[in-house]
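All ligand and atom numbering here is 1-based and tracks the order in the structure.
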Amino acid sequence: MTPTLRVCALYPDLMNIYADRGNIQVLRARCAWRGLGFELRGSSLGDELDSSAHDLFYMGGGQDRDQIAVAEDMAATKRDALHAAADRDTAILAVCGGYQLLGRSYQLGERTIPGVGLVGLETVREPGSRLIGNCAIESDLGGGERIVAGFENHGGRTYLDPGERPLGRVLSGHGNNGRDGGEGVRRGNVIGTYLHGPLLPKNVWLADRLVELALGIELEPLDDELEEAAHHSARRAAGV
Ligand code: GLN
């Protein structure tokens, strides 16, 4: 039977800054072009989650204001289901504001916003300007080392616990905190990154890898001439 990728977008109405919804469109297209099924559900404020009903959970970036509303709700209504999903190796991709909420907490001045604690990390809004600009990293998520290119814009600085692995090593840009050379996080099939772009249109190899991780299958390559051009343009913007 043809597999179907069942995607759940978390808070698609609130966490979608920088056209991060384009990531979903790429996943849909990559599946359709290969004859795979694709199903999309959304889950927002107050909605319970069925941890076994999805192969991939996706969450985009957001403004601090939206993140505050989302964080409380996510900790209250979705934390347990997300942990159960991660324990079952369900794929989870979170971008920027979504990524920050994968950790223990996001400290914003006097206020500490809860995360769901899927990975050991903390984010702190430190004094200093926002970390903004084109960014490129090298990641081994695709087997060998491959480049992920995108655009970052975050006030929060993220610090991984010892023992957690970043998604990649910064080649150009700021990454998690502008200091330690790491960008994003990866634990099993849980992936967080600061890279917008949107991320997946600029890095279709990563979209394919996510589909593979989510469905436990291997994909045949597609004719990606245009997608490769988009990837190289994002790399050039980052000077890589
Ligand atoms: N509000 C968060 C920050 O500024 C995340 C921003 C984003 O998602 N681009 O750090």
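- Shown in contact with Gly156 at under 4.0 Å from a heavy atom are these atoms of ligand 1, numbered in order with element: 3 (C), 10 (O).
- Atom CZ of Arg88 has more than 12 heavy atoms from other residues, nucleotides or ligands within 6.0 Å.
- With respect to His154, the ring pair (Phe, Tyr, Trp, His ring centres under 6.0 Å) criterion is satisfied by exactly one of Tyr194, Tyr99, Tyr18: Tyr194.
- Within the 4.0 Å heavy-atom shell around ligand 1 one does not find Glu152.
- At a 4.0 Å heavy-atom cut-off, ligand 1 touches Tyr106 through the side chain alone.
- Less than 4.0 angstrom separates some heavy atom of Arg130 from each of these atoms of ligand 1: 3 (C), 4 (O).
- Near Gly61, with a cut-off below 4.0 Å to any heavy atom, the atoms of ligand 1 are 8 (O).
- Against a heavy-atom cut-off of under 4.0 Å, Gln67 is close to the following atoms of ligand 1: 1 (N), 2 (C), 5 (C).
- For the 3.5 Å distance criterion, the side chains of Tyr11 and Asp73 qualify, holding a donor opposite an acceptor.
- Environment of CZ in Arg130: crowded, with over 12 heavy atoms of neighbouring residues, nucleotides or ligands closer than 6.0 Å.
- The shortest N/O to N/O separation between His196 and ligand 1 falls below 3.5 Å.
- Taking every heavy atom of Asn153 and a limit of under 4.0 angstrom, the matching atoms of ligand 1 come to 6 (C), 7 (C), 9 (N).
- Within ligand 1, counting atoms from 1 as listed, the ones closer than 4.0 Å to a heavy atom of Gly155 are 3 (C), 4 (O), 10 (O).
- Formation of a donor-acceptor pair under 3.5 Å by the Asp66 side chain with backbone atoms of Met15 is not found in this model.
- Using a 4.0 Å heavy-atom cutoff, Gln100 is listed among the residues neighbouring ligand 1.
- Counting atoms of ligand 1 from 1 in the listed order, those under 4.0 Å from a heavy atom of Gly97 are 5 (C), 7 (C), 8 (O).
- Of the possible donor and acceptor atoms, one in the side chain of Asn203 sits under 3.5 Å from a partner among the backbone N and O of Ala149.
- For the residue pair Asp180 / Tyr159, no side-chain donor-acceptor distance below 3.5 Å is found, with atom types taken as modelled.
- Using a 4.0 Å cut-off to heavy atoms of Asp64, the atoms of ligand 1 that qualify are 1 (N), 2 (C), 3 (C), 4 (O).
- Where the criterion is an N or O separation shorter than 3.5 Å, residue side chain and backbone included, Ile17 fails it with respect to ligand 1.
- Each of Glu183, Glu145, Glu138 was checked for a salt bridge (charged side-chain N to carboxylate O under 4.0 Å, His left out) with Arg169, and the lone residue meeting it is Glu138.
- Cys96 SG, 2.8 Å is the protein heavy atom nearest to atom 7 (C) of ligand 1.
- Nearest to atom 5 (C) of ligand 1 among the protein's heavy atoms is Gly62 O, 3.4 Å.
- For Arg186, the CZ atom sits in a packed shell: over 12 heavy atoms of surrounding residues, nucleotides or ligands are nearer than 6.0 Å.
- With hydrogens and angles left out, the side-chain atoms of Gln100 and Thr158 include no donor and acceptor closer than 3.5 Å.
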